[in-house]
**Student:** 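To start, I am sharing the structure in question, which I have written as structure tokens.
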Amino acid sequence: MSAAISAIKPRRLAPLALSGPTTLFFIGLVLLPLLLTVILSFNSYDYTAGIQSDFTFANYLTVLQDEYYLSTFWRTLRLALLTTVITVAIGVPEAYVLSNMRKPWRSIFLLVIIGPLLVSVVVRTFGWSMLLGKNGFVNSALAIVGLDPVQLLYTETAIVIGLVHIMLPFMVIPVWTVLQKLDPTVEAAALTLGASRFTALRRVVFPQAALGILSGSLIVFALSASSFAIPGLLGGRRLKMAATLVYDEFLIELNWPLGATIAIIVLVANLVIMLAYNRLIERQAKRKLG
Amino acid sequence: MVDDVSQPPGSPTRKMGQAISGVATHGRMSMSFLNLEKVSKFYGSVAAVHDFDLAVEKGEFISLLGPSGCGKTTTLQMITGLVRPSSGTIIMGGRDITHLPPPQRELGVVFQSYALFPHMTVAQNVSFGLEMRKVAKTERDKRIKEILSLVHLSALADRYPREMSGGQRQRVAIARALVINPPVLLLDEPLSNLDAQLREEMQFELRRIQQTVGITTIMVTHDQAEALSISDRVVVMEKGRITQVDTPYELYEHPRNDFISSFVGKSNFLRATSAFNGKGASISIDNTPIRFNTDRREPDGKVSIFIRPEKLRLTEPGEGQIQGKVTTRYFMGSQWLVSAETPAGVLAVAVPNLGAPPPLEGETVGLAWQNADCRVLAGAAKS
Ligand SMILES: Nc1ncnc2c1ncn2[C@@H]1O[C@H](COP(=O)(O)OP(=O)(O)OP(=O)(O)O)[C@@H](O)[C@H]1O
Ligand SMILES: [Mg+2]
């Protein structure tokens with residue numbers, strides 16, 4: 001009798017016990033802070049009395065009606081999209097070249113691509129600010145050729161350059177993984193049917209990598225839209241992006257509820273865009289590629 | 001019915017193939033449709049294909065047959081242009097195509113894995129080659145429809161490759177290769193992924209399509225039954241070299257050497273000795289002369305006698321040319337495969353299933369044959 005019970009019980013408890021730690025971890029580190037942030041965003045803030053534990057939509061109204069915040073959101077969206085498009089344009093061919101490399105070179109170049117991830121973002125970004133600065137490498141090179149110096153640092157161009165550089169591995173790796181698995185004779189078949197190399201790539205190879213490109217662009221978009229160090233260092237104090245805005249509210253203005261509100265809006269917008277994009281592409285790719 | 005089943009795979013009724021091979025023997029003088037001349041491919045110092053010479057006539061169905069790694073795929077890929085020959089020339093329709101890139105060759109190629117475009121439907125797959133040729137939409141649709149009905153796939157035009165069976169995919173691959181009206185169709189082991197029954201069906205289907213379109217076809221295979229049953233001529237390869245080019249019937253009945261006779265069909269090699277007796281050779285097995293006098297000059301000393309299992313007959317003990325003891329017998333449906341231990345070695349005998357089962361294991365039997373069905377080969381038999 002007791003043997004029967006003890007035989008059943010552990011079996012029922014096993015899934016709970018096994019998933020328990022992860023669940024607690026997830027609740028404690030993701031859901032709880034998120035919930036607190038949501039609650040915080042409905043509180044009001046008084047410059048003399050601090051955070052009031054009341055319930056108001058005022059923060060949301062303030063943010064969504066303020067030209068300053070809206071323009072920052074718009075810039076964030078625009079730059080994240082631009083970064084994604086450029087990483088696709090550079091990363092996909094790069095992944096193709098990588099997957100066609102011979103034995104020793106492939107590992108060497110894979111390391112070259114992943115290498116930058118081993119260096120701190122802040123260090124790499126400082127590198128870019130030295131290259132792009134007023135007396136930086138780029139302007140010195142222009143001066144040698146006899147051209148006027150250009151303002152690169154503290155522009156949106158600088159932010160995008162920095163983002164693309166840092167995001168590239170996140171595009172190359174998923175696409176490369178998919179390309180690795182493709183049957184090379186499929187590309188050869190396109191050639192024998194009269195396609196040029198370029199047409200074969202465009203119409204046969206890259207469409208098969210659609211799911212890799214999808215996951216790559218989701219990662220790149222999410223990371224770019226929430227990036228903090230790069231816009232902070234390369235965009236300067238004037239060209240802020242969403243994460244910088246949140247940082248400012250929390251640590252400079254000390255208006256935590258408003259910071260929380262901005263954070264939630266960015267999170268929701270990000271989620272909506274990514275889910276819509278995922279739906280759009282994945283539905284097509286799933287039907288075709290299984 | 002019984003006659004039908006007991007016939008060897010390469011039936012002697014293939015007149016067309018023989019007629020064509022008659023023409024091909026003049027290939028050196030009057031240029032054939034597709035000529036490979038001393039084509040070789042080296043990987044490092046290893047020759048994957050060596051001095052490959054072949055003249056293919058228009059409308060002919062050629063099989064490249066050989067064991068794994070003998071260079072069949074390499075040969076085919078040199079014709080497609082996907083592999084560059086190290087030396088030699090390939091001439092098609094009088095034009096040197098040795099160094100032409102694949103898209104300009106306009107050949108129809110069916111790969112071993114089919115290589116269908118997984119993200120395109122059947123119709124889109126077939127349409128691809130036509131789009132590359134800038135064929136107008138209406139014309140394209142018409143030709144896709146025609147070719148899909150030829151391969152019996154009209155109903156599946158909107159399916160994706162992964163939603164289809166192996167046999168259906170294979171037909172899509174053939175349709176995609178044929179729709180561009182290529183001068184030559186090249187197939188790399190197109191049937192190797194199919195199960196035995198479907199494979200047999202598809203063999204005849206392939207032959208039907210090939211004859212309907214009348215297209216010159218070269219097929220790679222390592223399945224000798226497949227090569228014998230559907231080709232006009234078979235090219236046997238061994239270690240990168242051609243060992244024999246012949247019609248299936250000739251190849252089966254008159255294999256040029258040991259390798260071919262054991263690779264194409266089943267065969268027996270009897271241990272024997274041959275002695276020149278002034279006029280011809282007298283052959284003896286185990287020091288007992290057998291009734292096997294030839295008036296041809298046969299090799300002296302140790303020889304092996306080649307004979308097909310279906311050319312041997314089981315007789316009552318004491319009759320026939322030699323005596324043996326049954327070691328195993330397998331029932332194969334249309335026939336029994338009996339092994340008998342004899343002084344000349346273990347011999348396989350194919351006994352047609354005519355109702356009466358052959359002797360049991362351990363029983364003594366006689367074995368008989370017609371001397372015309374034997375060939376004497378120099379050197380001792382291995383088994
Ligand atoms: N890219 C390559 N590099 C080096 N060696 C190669 C290469 N491709 C083929 N070979 C070698 O050339 C020889 C012939 O290869 P091939 O693919 O033509 O054989 P096959 O007759 O088609 O064999 P299978 O029946 O197994 O397909 C093999 O020994 C193979 O190892
Ligand atoms: Mg092969």
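Just so we're on the same page: letters track the sequence lines, and every chain starts at 1. Note that this is a predicted model, so its numbers are computed, not measured. These values consider heavy atoms only, across backbone and side chains, with no hydrogens, waters or symmetry-generated copies.
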**Student:** Would you list the atom pairs, donor with acceptor, under 3.5 Å between side chains in residues 100-111 of chain A and any protein atom, with sequence neighbours excluded?
**Tutor:**
from: Asn100(A); atom 1: ND2; to: Tyr96(A); atom 2: O; distance (Å): 3.4
from: Asn100(A); atom 1: ND2; to: Tyr96(A); atom 2: OH; distance (Å): 3.2
from: Arg106(A); atom 1: NH2; to: Met101(A); atom 2: O; distance (Å): 3.3

**Student:** Should we count CZ of Arg197(A) as having more than 12 external heavy atoms under 6.0 Å?
**Tutor:**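 No, not enclosed.
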**Student:** Quick one: what part of Leu130(B) sits under 4.5 Å from any heavy atom of chain A, side chain, backbone, both or neither?
**Tutor:**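 Neither part; nothing is under 4.5 Å.
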**Student:** Looking at Met132(B) and Thr199(A), what are the two nearest heavy atoms and their distance?
**Tutor:** CE-CG2, 3.6 Å
**Student:** Crowded around His222(B) NE2? As in, over 12 foreign heavy atoms under 6.0 Å?
**Tutor:**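 Counting neighbours around NE2 of His222(B), 12 or fewer heavy atoms of other residues, nucleotides or ligands fall under 6.0 Å, so no.
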**Student:** Give, as side chain, backbone, both or neither, the part of Glu131(B) having an atom under 4.5 angstrom from any heavy atom of chain A.
**Tutor:**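 The side chain, not the backbone.
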**Student:** Give me each pair satisfying side chain to side chain donor-acceptor pair (under 3.5 Å) with a member in residues 64-77 of chain B, each pair once, sequence neighbours excluded.
**Tutor:**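 For residues 64-77 of chain B: Thr73(B)-Asp188(B).
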**Student:** Using non-hydrogen atoms and a 4.5 Å limit, figure out which bit of Ile180(B) sits close to chain A: side chain, backbone, both or neither.
**Tutor:**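 Side chain of Ile180(B) only, per the 4.5 Å heavy-atom cut-off to chain A.
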**Student:** Taking atom CZ of Arg202(A) as the centre, report whether more than 12 heavy atoms of other residues, nucleotides or ligands fall under 6.0 Å from it.
**Tutor:**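 Yes.
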**Student:** Hey, does the side chain of His119(B) reach the backbone of Arg203(A) with a donor-acceptor pair shorter than 3.5 angstrom?
**Tutor:** yes
**Student:** Hey, could you give me the CZ/CG distance between Arg105(B) and Leu191(A), rounded to the nearest 0.5 Å?
**Tutor:**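 That separation rounds to 12.0 Å.
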**Student:** With a 4.5 angstrom heavy-atom cut-off, could you sort out which part of Ala210(A) is near chain B: side chain, backbone, both or neither?
**Tutor:**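 Answer is neither: Ala210(A) stays 4.5 Å or more from chain B.
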**Student:** Of the non-hydrogen atoms in Pro103(B) and Ala195(A), which two are nearest, and what is the gap between them?
**Tutor:** CG-O, 3.3 Å
**Student:** If only side-chain N and O atoms count, and only distance matters, is there a donor-acceptor pair under 3.5 Å linking Thr192(A) with Thr80(B)?
**Tutor:** no
**Student:** Heavy-atom distances under 4.5 Å only: say whether Arg133(B) touches chain A with side chain, backbone, both or neither.
**Tutor:** side chain
**Student:** In Å, rounded to the nearest 0.5 Å, how long is the span from OH of Tyr114(B) to CG of Asp183(A)?
**Tutor:**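 Rounded to the nearest 0.5 Å, the OH-CG separation comes out at 12.5 Å.
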